[in-house]
Asker: 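Have a look at the structure that comes next, please.
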Amino acid sequence: MKIYLNGKFVNKEDAMVSVFDHGLLYGDGIFEGIRAYNGRVFRLREHIDRLWDSGKAIALNIPMTKAEMEKALLQTLAINKLSDAYIRLVVTRGAGDLGLDPANCSEPTIFIIADKITLYPEKLYTEGLEVITVATRRNMPDALSPNIKSLNYLNNIMAKLEAKRAGVPEAIMLNAQGYVVECSGDNIFVIKNGIVSTPPASAGALKGVTRNAAIELIKNKLKLELKEELITTYDLYCADECFLTGTAAETIPVVKIDGRVIGEGKPGKVTLKLFKEFRSLTRSTGVPINKK
Ligand code: PMP
């Protein structure tokens, strides 16, 4: 496996960063998780735009152009001969001293890892997931915007730990006001009486690339009403259907929340239709990997 690291391709064993890197010392950095399907990268520019926005928000100037970053990412896939992959793109503040001040960091560390994707078992797509709401609240947007995809994921990890302790794979997180926000690594949607709802970014949810694609498909292909609105645990428990979206998970049905059976306890019609539309979108669009 070859890793892109600061402009060069190096072997996995040689892909090292300094222990003085502020990405490691403070979680001071940003990242994207991106998918390639069937030789094409899904919504590449949208991910790169979000990375640049995350950089802007933390005053981290990425020392290359968006086009150069895209090229590096496509080359990483090509060099590793991958056509279906999960790509992790990371930009850290770089190596500095032991203080917080980013001004003492020389230059950002940039690396791109392209690997085979590990998915949720296929069974969960046909039978649905059980999830719980957890005590760990999502970061308050006025303290640290959840739209900054930063290297500090402890908030999400605390939620994930709670879910795993309860024997379920994902955690639903509420915000400080008790409204449903998102999961530790996925966005959430509910369907009631044919209307699809998802929490707005202002409630503290990440504007997921898969969420955006799902919203488009729901409106344009499924021709259903889509509301970005505050939802409560009551809305979850009484939903006809519920599903999660994320780059790794794609769209995945939820059939049980906090011990309550959702709808009929199996993936709902809308959820299954959306899954089909999403799979066809990911396999028919995207930036081609130019294999040399
Ligand atoms: N919320 C959080 C907290 C996430 O980490 C992710 C995964 N990046 C998502 C939602 C889903 O976003 P996307 O569809 O862009 O992968």
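Start at 1 and go down the list; that is how both ligands and their atoms are numbered.
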Asker: Give the residue, atom name and distance (to 0.1 Å) of the protein heavy atom nearest atom 12 (O) of ligand 1.
Answerer: G208 CA, 3.4 Å

Asker: Between R45 and E70, does any side-chain N to carboxylate O distance fall below 4.0 Å?
Answerer: yes

Asker: Counting heavy atoms only, name the option from C183, G246, G185 that's nearest to atom 7 (C) of ligand 1.
Answerer: G185

Asker: Say whether P146 and ligand 1 are in contact under the criterion: heavy-atom distance to a ligand atom below 4.0 Å.
Answerer: no

Asker: Please confirm whether the backbone N or O of G185 pairs with a side-chain atom of N156, one donor and one acceptor, at under 3.5 Å?
Answerer: no

Asker: Would Y153 and F31 count as a close aromatic pair, with their ring centres under 6.0 Å?
Answerer: yes

Asker: Which of the atoms in ligand 1, numbered in the order shown and given with their element, are less than 4.0 Å from a heavy-atom of S184?
Answerer: 3 (C)

Asker: Please determine if R43 and E216 form a salt bridge, counting it only when a charged side-chain N lies under 4.0 Å from a carboxylate O.
Answerer: yes

Asker: Pairs of nitrogen or oxygen atoms closer than 3.5 Å, one from R50 and one from ligand 1: do any exist?
Answerer: yes

Asker: Could you walk me through whether R50 and K207 satisfy the side chain to side chain contact (heavy atoms under 4.5 Å, CB included) test, starting with their C-alpha distance in whole Å, then the side-chain angles of each, then the deciding distance to 0.1 Å, before giving a yes or no?
Answerer: CA-CA 9 Å; R50 187 169 68 181; K207 283 183 226 152; 5.7 Å; no

Asker: Can you tell me if R138 contacts ligand 1 (heavy atom of the residue under 4.0 Å from the ligand)?
Answerer: yes

Asker: For the CZ atom of F278 and the NZ atom of K221, what is their distance to the nearest 0.5 Å?
Answerer: 14.0 Å

Asker: State plainly whether the residues K66 and D49 are in salt-bridge range, i.e. N to O under 4.0 Å.
Answerer: yes

Asker: Quick check: K207 and ligand 1, any N/O pair under 3.5 Å apart?
Answerer: no

Asker: What protein heavy atom lies closest to atom 11 (C) of ligand 1? Include the residue and the distance to one decimal.
Answerer: N187 OD1, 3.7 Å

Asker: Could you see which bit of N156 sits under 4.0 Å from ligand 1, with heavy atoms only: side chain, backbone, both or neither?
Answerer: side chain

Asker: Please list the nearest protein heavy atom to atom 14 (O) of ligand 1 with its residue and the distance rounded to 0.1 Å.
Answerer: T210 OG1, 2.6 Å

Asker: How far is atom 15 (O) of ligand 1 from its nearest protein heavy atom, and which residue and atom name does that atom have?
Answerer: V209 N, 2.8 Å

Asker: So which heavy atom in the protein is nearest atom 5 (O) of ligand 1, and how far is it from that ligand atom?
Answerer: Y153 OH, 2.5 Å

Asker: Nearest protein heavy-atom contact for atom 8 (N) of ligand 1: which residue, which atom, what distance?
Answerer: K149 NZ, 2.5 Å

Asker: If you measure from each non-hydrogen atom of T247 to ligand 1, which part falls under 4.0 Å: side chain, backbone, both or neither?
Answerer: both

Asker: Got an N/O contact under 3.5 Å between E182 and ligand 1?
Answerer: yes

Asker: Return the set of residues passing ring pair (Phe, Tyr, Trp, His ring centres under 6.0 Å) with Y179 (not counting sequence neighbours), or none when no residue passes.
Answerer: none

Asker: Quick one: ring pair (Phe, Tyr, Trp, His ring centres under 6.0 Å) partners of F20, sequence neighbours excluded?
Answerer: none

Asker: In terms of the angle between their ring planes, are F275 and Y125 parallel, tilted or perpendicular, with boundaries placed at 30° and 60°?
Answerer: parallel

